[in-house]
Structure formats: C-alpha cells, structure tokens
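This structure is a prediction, so every number in the text was calculated from the model and none was measured.
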Amino acid sequence: MPKVLIVEDSRTEALRARLILEREGYQVSLASDGKEGLAKAAAEKPDLIFLDTLMPKMNGFETCGKLKLDPQTRGIPVVMLPIAEEIADMPSGPGLDCFLPKPFEPHLLVTKAKEMTNGHGQLQTAATLNAQEDIQRYQEELDRARQQVDAANRARRDILANISHELRTPLHEIMGMTDLLLGTELTGEQQDYINTTKASSNALLSLINDVIEFSELEAGQLGLEEKPFNLAEPIDRTIELMSPRAAEKGIHVSTTIAANAPKELIGDANRLRQVLANLVANAIKFTDHGQVSIWVDADAVRDRQVELHVRVQDTGIGIPADRREIIFEPFQQADSSATRRYGGMGMGLAMSRQWVNQMGGRIWVESEVGKGSTFHFTVQLTRPAQAVAAAPAALNWRRSLNILVAEDSPTNQLIAKSSLKKAGHVVTLAVNGREAVQAYERSRATPEAPPFDLVLMDVAMPEMDGLDATRAIREKEKSLGGHVVIVAMTAFATKEYHEKCLEAGMDAYVTKPVRIDELNTTLAPLLTQPRRTAQPAPVPPVDLAAALESVGGDVEIMQEAIVVVLDEVPPQLRALQDAMAQQDARGVEAKAHRLKGVMGNIGGLAARDIAQTLETMGEQGNLAGGADKVKSLTEEIERVIAFYRDPGWAARASEMQKGNDG
C-alpha cells in the first residue's frame with residue numbers, strides 16, 4: 001500500500017484530500033505546516049508528498065528545498081499544491097517534481113498520485129524515467145497552465161469588477177436616498193422602516209466588500225503597507241468602533257498592553273486593526289454577558305524585529321473542539337444554528353487568517369463550550385531605527401468647499417448635491433467627463449469664478465469617462481498651473497481598478513455607495529495642511545487679456561500670430577542660449593530683446609520680464625548670473641508654448657472677448 005504525506009495548513013483541504021486518497025487504497029498521514037512535514041517525511045519515508053505552497057512558519061517552496069537537500073528525503077517525489085494564481089510565479093526544474101492547482105477535482109488528485117507512482121504502489125525511480133523527458137514534459141505542462149491562469153485571471157478580474165459595479169450602483173442609490181429621507185420629517189413608524197432599510201443596506205454592503213476583498217486576498221492581489229505607526233492607534237481605533245456595540249449588551253471591554261511590547265512600529269496598521277476588529281466583533285457577538293479582554297505583548301524582540309502576540313478573550317458560548325479549525329475557512333461558523341441566531345457569513349476569520357499569514361504570523365483559538373474562547377494571533381513587525389514622536393501640526397481645513405461633481409446618474413446627482421449642500425459645500429454638476437473638463441476650464445479662465453477645491457469624478461460616464469477626464473485636467477494644469485484635488489467615485493471595488501484611478505492622476509478614490517463620513521476621512525489628508533505663511537498662487541504663464549489687447553480683441557488674428565510664434569520662438573531661444581554660453585553680451589542683448597517683444601505680444605508677461613532683465617545685462621556687458629536667468633526664461637517660455645499648444649485657449653479667449661463686448 002503506497003504511503004502519502006499531505007502537508008497542508010487548511011484542515012478542510014487536508015481532510016478532503018485524505019478521504020479521496022484513502023478511498024483509492026492509499027495510506028495517508030497529515031502535517032499542518034512545513035516543519036511538521038519535514039519531521040514526518042524523515043520519520044515515515046512516504047512514497048509521495050503533496051505540499052501546500054502558502055503556510056505559516058515555513059512556506060511550501062522552502063519546505064520542498066529542504067526535502068531535496070536531505071539525503072533521507074531527496075528521492076521522495078513532491079507535488080506542489082498552489083492556488084491557480086501562484087502558478088505563473090512558480091519555479092521549475094528537477095527539484096520540483098510537478099504541481100496540482102487548487103481547488104482540484106477528486107479524479108485529478110488520484111490521477112496525479114498514480115502518475116507519481118507506477119499505479120501499483122511502487123515508486124518510479126530515476127532508472128525507469130528519462131529525466132530530461134520528464135523535465136521537458138513538466139515544463140510544457142507548466143507553460144500551458146500559465147497561459148490558462150493568465151486567461152482565467154483576466155476573466156476573473158473582469159467578473160469581479162462587473163459584479164462590484166452592478167451591485168454597488170443600485171445599492172449606492174438606495175443608501176443615498178435612505179440618508180436623504182432620514183433628514184426629513186418622519187413619523188415614528190416611518191423612522192423605524194427607514195432605519196431597517198439602512199441597516200439591511202449596510203449589511204449587504206459589508207458582505208459585498210468581504211467577498212471581493214477575500215477573493216483578491218486569495219489571488220494575492222492585495223499587499224501590505226510598511227509605514228511607521230504607534231501600537232496604540234489600531235487598538236484604540238478598534239475599541240472606539242466596538243464600544244457602542246458592547247455597551248448595548250452590557251459587556252465590558254478591557255485592553256492591556258505589556259511593557260515589553262514596543263510602542264513605535266513599522267508595518268500595516270490598517271490590516272492589524274482589521275484582524276483585531278474581526279476578533280473583537282466576534283467576541284462581542286457571541287458573548288451575552290461578562291467581558292471581552294484584549295492582551296498585547298511581544299513574544300520575541302530581536303534587534304529591530306518584533307513578533308507581536310495578540311489575544312482576544314471572551315466569556316461567550318465557546319466553540320466545539322471539532323469546529324476550531326474549520327471556522328477559519330470561508331463561509332464557515334461553529335454551527336448552522338449560530339448562523340441563524342447571530343447572523344454573519346463566516347468571512348471575518350477567513351480574511352483574518354489570510355492577513356495574519358501575509359504578516360508572517362499565525363492565528364489559532366483555545367476554547368471551551370459554555371465558558372468562552374481565546375483567539376490568538378502573531379505578526380512580524382519592525383521597529384524603526386530611531387523612534388521620533390512628531391508633534392501634531394495645527395490644522396487648517398476650509399470647511400466650505402467649491403466642489404465639482406461629475407456624475408451621469410440623475411439619482412446619484414440628487415444624492416451628491418443634497419448631501420454636500422447639507423454639509424455646507426457649494427456644488428456644480430457635470431453629466432459626463434467632457435462637461436467636467438469644460439467646467440474646470442471655465443473656473444480657471446474666468447477671474448470672478450472661484451476655482452474648484454475638489455472634483456468628485458464618477459469613473460463610468462458616457463462621451464468621456466472619468467479616467468480620460470482626469471488625464472485631460474492634469475494635462476491642462478501643466479500650462480495653467482495649480483493642482484485641483486480629484487477623487488474618484490467608483491462602483492468598481494477591485495484593487496486593480498483603484499490603481500487605474502491613481503495612474504490616471506486622481507488623488508484618491510471612494511467606493512460607491514459613498515458616505516459623507518467616509519468622504520471626509522478620505523479628504524482629510526488631501527485638504528488638511530499645516531498652517532503656514534500664505535503663499536502667492538502660481539502665476540499663469542499667459543495673461544489672455546493682455547494678449548487680446550495687443551491684437552485689438554481679434555481672436556482670429558491672434559490665432560494666426562500664435563502659429564508663427566510657435567515656429568519662431570524655439571530657434572530664437574536656442575540662439576540666446578548659445579550667445580550666453582559664449583559670453584557674447586551683444587548677442588544676448590539682441591536675442592533677449594527679440595524674445596521680450598514676442599512674449600509681450602502674446603501675453604507671456606513673466607517671460608517678457610525675464611527677457612527684459614537679460615537684455616539689460618547684455619547692454620551693460622555684465623553677464624554674471626546670466627546662465628540662471630536664461631534657464632528661468634527657458635522654463636517660462638516652455639510654459640507659454642504648452643499653454644498655446646492646448647487648442648482650448650482660443651475658446652477661452654473668445655468667451656473673454658464676448659464678455660468684454662457685452
């Protein structure tokens with residue numbers, strides 16, 4: 001009877017594989033991590049090893065390497081068990097016998113087991129296999145699998161994006177209209193109905209978020225941040241969020257941070273808070289009376305490396321022994337009656353395990369039915385080289401903002417306009433990206449119109465979408481100067497789509513349905529700046545009014561002049577640069593004089609003034625510091641040229657002239 005060792009940290013996956021193979025007559029043993037797998041492989045000498053890739057303590061690739069280096073185990077075939085998305089990054093070669101992507105069909109597991117033995121329980125040796133042919137066959141298999149995975153990944157990303165968009169769009173409208181209704185006069189009965197609608201909408205939104213985030217986690221598409229933070233921050237934030245829920249049930253929540261736990265750390269504070277919040281929320285949910293206690297200490301501190309150990313203890317219902325592993329699987333709870341009584345979809349612990357694994361730790365539970373549970377998790381963090389306590393800066397956020405909202409849905413327009421106006425902001429609406437760009441241009445071209453402080457940009461719009469509109473605005477800012485804050489409003493909740501928003505030039509994004517508190521949190525770091533001495537606004541490269549005056553208000557003549565200028569100015573500028581390089585004072589005087597006149601005629605007043613300075617320096621024969629002046633003139637002329645290469649300048653000039661005529 002052939003012996004098989006399965007090294008897999010998921011109890012559910014391991015038991016499923018053992019059952020399948022035992023039905024086929026294999027003798028199967030299990031190991032829950034790489035270290036245990038190495039010990040069992042050396043002791044039991046199995047005929048075949050199935051090895052998971054992502055495990056705590058020691059991952060599958062490291063375990064495989066140690067197996068192949070050990071003379072006792074190097075001859076044992078190893079079948080890696082990656083998730084499909086990991087295949088594209090897998091190594092290949094004689095040390096890696098083959099792989100079987102998860103999740104797998106039972107017949108594929110059996111076929112692979114028989115393939116790695118000769119079907120009769122005898123191990124195939126090097127003498128019976130042609131090594132080169134074997135390696136080539138597996139390489140071809142790996143290449144085919146990579147192509148299939150790439151196609152599957154693309155399809156999966158598209159499906160996720162579409163599901164997110166189609167679910168969030170109507171949900172955004174429901175939640176937005178519910179909030180508007182809550183701000184009106186309602187009877188007590190109506191208030192109850194609307195509150196129920198809001199609570200149900202929030203629950204549905206939470207479920208959508210969890211499913212999408214877990215899917216991206218399993219696909220390895222969500223990474224970790226490495227930023228300095230104070231240990232108290234994620235803990236205090238969790239307590240702040242959970243205290244109202246605990247108070248409703250009369251449960252006391254306490255926190256103890258051990259003295260050996262460093263206070264200043266580097267890591268992903270948000271993910272640490274998310275794991276802690278999931279555990280505390282569960283503790284409160286499954287505890288009817290008593291308390292919930294949080295302990296934080298450091299299991300190990302080596303130089304700058306810290307292994308943080310967090311415990312969340314409750315006096316709740318407890319977990320049966322046979323369910324303590326399966327609760328960390330998605331959509332699983334201690335029992336079906338708990339699901340009916342307490343609610344929830346069983347996603348929190350599954351996501352917590354994924355995050356903890358990514359942070360180099362592990363998560364487990366100790367529990368006794370009727371007495372309560374203690375959830376433990378460890379994470380690997382770093383201490384900063386030198387902890388510096390930064391004094392909080394005085395903040396200055398102008399609360400009343402001039403906001404441009406680009407949104408094609410009439411319902412969403414109503415929600416945004418009503419909610420933002422109620423918060424004291426001034427709102428301008430645009431129904432597509434093209435209108436948003438035009439509104440931005442008008443705000444910059446009309447002196448009496450206040451510029452926008454913020455653009456809330458829907459992504460999916462007709463004529464021009466939000467990504468293209470953002471790119472157009474950022475391009476215009478190169479000539480107009482300034483930087484307006486643009487925040488995406490998107491129902492596409494995947495990380496890949498969020499990255500597209502940032503790549504297009506957006507400063508941040510909020511996911512529909514947009515809530516005012518979430519929007520305020522997103523805007524705070526963008527619109528809140530330390531108080532400082534007021535700085536003058538950047539000077540536009542061109543004064544259109546002065547340029548129009550020089551041609552008597554005739555925009556057509558001005559357009560013809562600009563065509564000539566764009567051709568003549570670059571060689572004139574190069575001639576000035578050459579004269580300065582040769583320290584030719586007369587040449588500098590002549591070339592600067594020429595550029596001064598041209599720039600003055602087309603409204604490039606800042607460039608004109610620099611050229612005037614250079615002309616004077618040449619006339620006086622004193623070119624000290626002239627090279628820097630030429631550099632400044634070059635930069636200013638490039639801004640002027642960029643301004644006039646944007647065809648929109650003519651439309652703005654025409655509007656200004658109409659206003660003057662009126």
Please test Phe61 against Met80 for side chain to side chain contact (heavy atoms under 4.5 Å, CB included), starting from the C-alpha separation and ending with a verdict.
CA-CA 8 Å; Phe61 297 111; Met80 303 297 287; 3.7 Å; yes
Under the criterion side chain to side chain contact (heavy atoms under 4.5 Å, CB included), I'd like the reasoning laid out for Leu81 against Leu100: C-alpha separation, chi angles, the key distance, then a yes or no.
CA-CA 5 Å; Leu81 301 175; Leu100 178 64; 3.9 Å; yes
Before you tell me yes or no, could you show the steps for Met489 and Val459 under side chain to side chain contact (heavy atoms under 4.5 Å, CB included), namely the whole-Å CA-CA distance, both residues' side-chain angles and the distance that decides it to 0.1 Å?
CA-CA 6 Å; Met489 297 187 300; Val459 174; over 6 Å; no
Audit row: Lys263, Ile257, side chain to side chain contact (heavy atoms under 4.5 Å, CB included) steps and yes/no:
CA-CA 9 Å; Lys263 304 303 182 286; Ile257 301 178; 4.2 Å; yes
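No side-chain heavy atom of Lys112 sits less than 4.5 Å from a side-chain heavy atom of Leu48. Between Tyr26 and Ile20 the shortest side-chain heavy-atom distance does not fall below 4.5 Å. Taking the side chain as every heavy atom from C-beta outward, Thr73 and Ile49 never approach each other to under 4.5 Å. Looking at heavy atoms from C-beta onward, Phe377 lies out of side-chain contact with Ser352 at the 4.5 angstrom threshold. Counting heavy atoms from C-beta outward, Pro106 and Arg16 have side chains that approach closer than 4.5 Å. A 4.5 Å side-chain heavy-atom check between Asn282 and Phe375 finds every atom pair outside the cut-off. With contacts defined as side-chain heavy-atom distances shorter than 4.5 Å, the pair Arg18/Val4 does not qualify. Counting only heavy atoms from C-beta outward, the side chains of Leu279 and Ile363 approach each other to under 4.5 Å.
Considering all non-hydrogen atoms of both residues, Ile251 and Ile284 come closest at CD1-O, 3.9 Å. Residues Leu231 and Pro262 come closest through the heavy atom pair CD2-O, 3.7 Å. Taking each heavy atom of Leu5 and Ala41 in turn, the nearest pair found is CD2-N, 3.8 Å. Between Ala258 and Asp297, the shortest heavy-atom distance links the atoms CB-CB, 3.4 Å. When every heavy atom of Ala504 is checked against every heavy atom of Arg471, the shortest pair comes out as O-CG, 3.6 Å. Scanning both residues, Ala488 and Met506, for their nearest heavy atoms gives CB-SD, 3.1 Å.
Interatomic distance, Glu13 CD to Leu30 CG, rounded to the nearest 0.5 Å: 12.0 Å. Residue Glu24 holds its CD atom at 9.0 Å from OG1 of Thr111, rounded to the nearest 0.5 Å. With rounding to the nearest 0.5 Å, the separation of CG in Leu349 from CZ in Arg353 is 9.5 Å. We find the CZ-CE distance between Arg271 and Met351 to be 9.0 Å, quoted to the nearest 0.5 Å. Here Asp314 contributes atom CG and Thr287 contributes atom OG1; the two are 3.5 Å apart, rounded to the nearest 0.5 Å. In this structure, Glu307 CD and Gln380 CD are separated by 4.5 Å, a value rounded to the nearest 0.5 Å.
The backbone N or O of Gln291 lies less than 3.5 Å from a partner atom in the side chain of Thr315, making a donor-acceptor pair. With hydrogens and angles disregarded, no donor-acceptor distance shorter than 3.5 Å links the side chain of Thr378 to the backbone of His309. Using a distance-only test at 3.5 Å, with no hydrogens or angles considered, no donor-acceptor pair links the side chain of Asp9 to the main chain of Asp33. Judged by distance alone, the side chain of Asp507 and the main-chain N or O of Val487 form no donor-acceptor pair under 3.5 Å. Although no hydrogens or angles enter the test, the distance criterion places no donor-acceptor pair under 3.5 Å between the side chain of Arg383 and the main chain of Leu265.
Listed by first and then second residue, the salt bridge (charged side-chain N to carboxylate O under 4.0 Å, His left out) pairs that reach into residues 227-239 are Glu225-Lys227, Arg237-Glu240, sequence neighbours excluded.
The side chain to side chain contact (heavy atoms under 4.5 Å, CB included) test with Glu8 is passed by exactly one of Asp52, Leu51, Leu15: Asp52. Results of the side-chain hydrogen bond (donor to acceptor under 3.5 Å, both in side chains) test with Glu366 over Arg311, Gln313, His376 single out His376 as the only residue that passes.
Annotation: Lys66, atom NZ; neighbour count of heavy atoms from other residues, nucleotides and ligands within 6.0 Å does not exceed 12. Heavy atoms of other residues, nucleotides or ligands lying less than 6.0 angstrom from NZ of Lys371 number 12 at most.
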